[in-house]
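Here is the naming used below: chain letters follow the sequence lines, and residue numbers restart at 1 for every chain.
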Amino acid sequence: MVENTEKPLNFIEEIINDHLKSGRFGQRVHTRFPPEPNGYLHIGHAKSIVLNFNLAKKYGGLCNLRFDDTNPSKEEEEYVHSIRDDIHWLGFDWEDREYYASDYFEQLYEWAVKLIKDGHAYVCDLSPEETRAYRGTLSEPGKNSPFRDRSVEENLNLFERMKQGEFPDGSRVLKAKIDMSHPNFNMRDPVMYRILHAHHHRTGTDWCIYPMYDFTHGQSDSIEKITQSICTLEFENHRPLYDWFCEKLDIHHPQQIEFARLNLTYMVMSKRKFLVLVNEGHVSGWDDPRMPTISGLRRRGYTPESIRNFCEYIGVAKNNSVVDVTILENHVREHLNATADRVMAVLNPIKVVIENFPEGKVEDLTAINNPEDESAGTRILPFTREIYIDSNDFMEEPVKKYFRLAPGREVRLRYGYIIKCEDVIKDAQGEVVELRCSYDPDTLGKQPTDRKVKGVIHWVSAQHALGGEVRLYDRLFSVEHPDKVEDGQDFRANLNPDSLEVIEHAKLEPSLEKVSTGDRFQFERVGYFSVDPDSTENKPVFNRIASLRDTWARITRNS
RNA sequence: UGCCGGGUGGUGUAAUGGUAACACAAAGGUCUCUGGAUCCUUCGUUGGGGGUUCGAAUCCUCCCCCGGCAACCA
C-alpha cells in the first residue's frame with residue numbers, strides 16, 4: 001500500500017488503498033486508457049491519460065493502451081496513429097501493451113453464446129424504433145419484447161446466422177435478458193450485438209456482427225486483468241451492467257470507478273463541436289493552435305510537462321467542474337519561465353535613430369539568456385545607430401503612470417543605454433514614423449546618479465534585424481461558458497473574432513537566425529512563443545503560446 | 001415524473017467529528033535594467049432547515065439546486 005503523507009489522496013487512490021487492504025486484486029494495480037479511435041485526443045483525454053498512467057506508476061503497476069474499436073463505421077487507422085503519437089508526446093509509454101477491443105471479438109462471441117445457453121441473452125427481431133418504444137420512459141417501465149422467450153436452440157441458431165451474414169443490418173440484435181422494468185435504462189434488456197455489414201479497420205470483413213460498448217468494455221478489462229477501470233461520470237449508470245456481465249460470465253471482475261471529465265472556461269470540449277469548428281473553417285484544422293486538442297496544444301507550443309503538471313494540479317473528483325483556463329496558461333508560463341531563453345522581438349516596429357551614436361558603429365552588448373537559469377549563459381546583441389522599438393513603447397502624450405518613451409523623456413534600452421526622445425517625425429497622415437533620440441554613453445550597465453529612469457524597453461538593431469511572422473493567438477471564445485447562449489443560438493455565437501492576429505513583419509534579434517520547429521522562446525516583455533511548422537528558411541513563423549502577465553494592460557483596463 | 005451522481009471563496013482541489021487549507025483569478029503593496037519573475041496583504045463559517053454531540057463541512061433527517069441516463073454510439 002502506498003501511504004503518501006505529503007499529498008492528500010484523491011478518492012480513487014482511497015479506493016485503491018481499500019482494494020490493496022482487502023486484497024481484492026492481490027496487491028496489483030493495473031489500469032488502462034481506452035480511447036475510441038474516432039477522433040483526436042484533447043486536453044480532457046490528457047487528464048485521463050495522466051490519471052491512469054500516474055496511478056499505475058505510483059502503485060508499481062501497469063497501464064495499458066486499448067483502442068475501443070467496436071464500431072467499424074466510425075473508426076479509422078489514422079486516429080490510431082495520432083492517438084499513439086499524442087500519448088507518447090505527453091510522456092507516457094505502454095510498452096508492448098497495446099490492445100484492441102477487436103482483438104477480443106472471438107472471445108466476446110463465445111461469451112455471448114454462453115449467455116444465450118444460460119438463458120441470459122436472446123435474439124430480438126424488433127426494429128430500432130420498436131426497441132425504443134418497448135424500452136419505456138423515465139416514468140414508465142418497458143415492455144417485454146415478443147421475442148424474449150425464444151428457446152435457447154432458436155436463439156443459438158439465429159445468432160449463428162446473424163454471424164454468418166444471413167440478415168441485413170438492423171434486422172435483428174442480440175439482447176441481454178435482464179429486466180424491462182428496471183429503473184436503470186441500461187438494464188432494460190440492453191443490446192449486446194448488432195448487425196453491421198461494414199469494413200473494420202483491423203478485422204476487415206471477418207465480422208458482420210459487432211458487440212456494443214457495454215458488452216465489450218468490461219470484458220476487455222477483464223481479459224487484460226485490469227483492476228481499476230477508470231472512466232468518466234456518464235458511465236456511472238452503466239456500472240450495474242458492467243458488473244452484471246462480469247458476474248454472469250463469471251470472469252475476472254475489475255472495479256469501475258467514475259470521475260468528472262475536464263471542462264475549461266472559454267472552450268468547448270467535444271468531438272462534435274470540434275468538427276464544426278474545423279469544417280466551418282473557424283480554425284485551420286484539428287491542430288490549430290487555438291484548439292484544446294493535444295495536437296493543437298503541441299503546435300501552439302505547450303510543453304508536455306506543463307500539461308502533465310496541469311492535469312495533476314487540477315485533481316480528480318466526482319463533481320462536474322469547469323477549470324479556469326488561466327490555470328492551464330499559468331502552468332505553461334511557470335514551466336517556460338524556468339526553461340525558455342529570452343530574446344528580443346519587436347512586433348509593431350517604429351524606427352528610432354540615435355543621433356549622437358556614430359554611423360556605422362556596431363557595439364556588442366551582452367544579454368542574459370535566462371535570468372532564471374544561469375547555465376543558459378549569455379549572448380551578444382549588436383547595437384547600432386538605428387534600431388526598432390515597439391510602437392506601444394512610445395506615447396506622444398503619455399498618460400499618468402506611463403513610464404516608457406515620450407517626447408523629452410528617457411527610457412532604458414534593455415541591456416543597453418538610456419535614450420531620450422528628442423524629436424518625433426510624422427508622415428502626411430500624422431502617423432509617427434520615426435523617433436530621433438539621443439543616448440547617454442555613461443549609462444551602460446549602470447544607473448545614472450542624478451536621475452531615476454524607470455522604464456525599460458526591448459529593441460532590435462535595424463541593420464541586423466531578421467524578419468518573421470508572428471501569430472498572436474488568443475482564446476477561441478470570448479465568454480467563459482461558450483455553451484451558454486440565447487435560444488436559437490449555439491456556441492458559434494460566442495466565437496472570439498480576434499482569436500488570431502497575424503503580424504507579418506516582426507523584427508527579430510539576429511540570434512534567431514537558426515531556429516527549428518518547436519523551439520520556444522520568451523520574447524522579452526511580450527510573451528512565450530514557439531516556432532510553427534509553417535516556418536520557411538527565410539521566414540520563421542512564431543506562435544504565441546501565452547502572453548506575459550501584463551500589469552500595465554491591467555492598469556489601463558481598469559482606468 | 002424514475003434511477004444514478006454531485007453541492008466548500010469568482011475557480012479548482014483539501015480538511016475523513018476537534019480552531020476551514022493550498023493554488024489560480026481579482027484587488028492593493030514590495031522589488032526589479034522584462035510593468036516578467038520574486039515577495040507580502042486582502043477576499044469563504046461549507047446550498048437551506050431541523051437533529052445527534054462538549055464540538056459538525058464531515059453523522060442522521062427533510063427540503064432546495066445542478067449534472068447524467070430513454071443510440072442497434074462510446
Using the C1' atom on both, measure B:C54 against B:G68 and round to a whole Å. 42 Å
I need the NE2-P distance between A:H331 and B:C22, as an integer number of Å. 17 Å
Between B:G67 (P) and A:D483 (CG): distance, integer Å: 12 Å
In whole angstroms, the gap separating C1' of B:A15 from CG of A:L9 amounts to 13 Å
Whether the side chain of A:N263 engages the backbone of A:S321 through a donor-acceptor N/O pair (distance < 3.5 Å, no angle test) should be reported. yes
Whole Å only: how far is the CG atom of A:D390 from the P atom of B:U34? 17 Å
Distance, rounded to the nearest Å, where A:E312 contributes CD and B:A23 contributes P: 18 Å
Quick tally for nucleotides 35-40 of chain B: nucleotides whose base has a protein heavy atom under 4.0 Å get B, sugar-phosphate-only ones S, the rest -, giving BBS---
Send over the distance from A:I83 CD1 to B:A74 C1', rounded to a whole Å. 12 Å
Looking at the side chain of A:N330, which of B:A71, B:A74, B:C24 is the nearest nucleotide? B:C24
Quantified in whole Å, what is the C1' atom distance between nucleotide B:G9 and nucleotide B:G2? 36 Å
For B:G28, give the paired nucleotide (Watson-Crick: N1-N3 plus N6-O4 or O6-N4; G-U: N1-O2 and O6-N3; both under 3.5 Å), or none. B:C40
Rounded distance in Å - OH (A:Y242) to P (B:A74): 16 Å
Less than 6.0 angstrom from the centroid, inside 45 degrees of the normal: does A:K420 satisfy that with respect to the ring of A:Y439? no
Using the salt bridge (charged side-chain N to carboxylate O under 4.0 Å, His left out) criterion, which residues pair with A:R172? Sequence neighbours excluded. A:D125
Watson-Crick or G-U wobble partner of B:A57, both distances under 3.5 Å: none
Using the C1' atom as the reference point in each nucleotide, state the distance between B:G12 and B:G44 in Å, no decimals. 15 Å
If I pick the C1' atom on B:A37 and the same atom on B:A15, what distance separates them, to the nearest angstrom? 32 Å
Under 6.0 Å from the six-membered ring centre of A:Y122 and within 45° of its axis: does the NZ or CZ of A:K175 meet both? no
Paired nucleotide for B:G5 [Watson-Crick or G-U wobble; both distances under 3.5 Å]: B:C66
Please determine if A:R451 and A:D440 form a salt bridge, counting it only when a charged side-chain N lies under 4.0 Å from a carboxylate O. yes
Per-nucleotide protein contact string for nucleotides 1-11 of chain B (B base, S sugar-phosphate only, - none; heavy atom under 4.0 Å): BBSSSS----S
So which pairs with a foot in residues 332-345 of chain A pass salt bridge (charged side-chain N to carboxylate O under 4.0 Å, His left out), sequence neighbours left out? none
When rounded to the nearest Å, what value does the distance between C1' atoms of B:G5 and B:C43 take? 31 Å
Using the P atom in both, what is the distance from B:U8 to B:C39, to the nearest Å? 29 Å
Provide the Watson-Crick or G-U wobble partner of B:A21, both distances under 3.5 Å; none if there is no partner. B:U13
In this structure, CZ of A:F215 is separated from CE of A:M192 (nearest 0.5 Å) by 3.5 Å
With sequence neighbours excluded, residues passing salt bridge (charged side-chain N to carboxylate O under 4.0 Å, His left out) with A:D189: A:R148
Residue list, ring-ring contact (aromatic ring centres under 6.0 Å, His included) with A:F147, at least two apart or on another chain: none
Which residue lies more 5' along RNA chain B, comparing A:V526 with A:E14 via nearest heavy atoms: A:E14
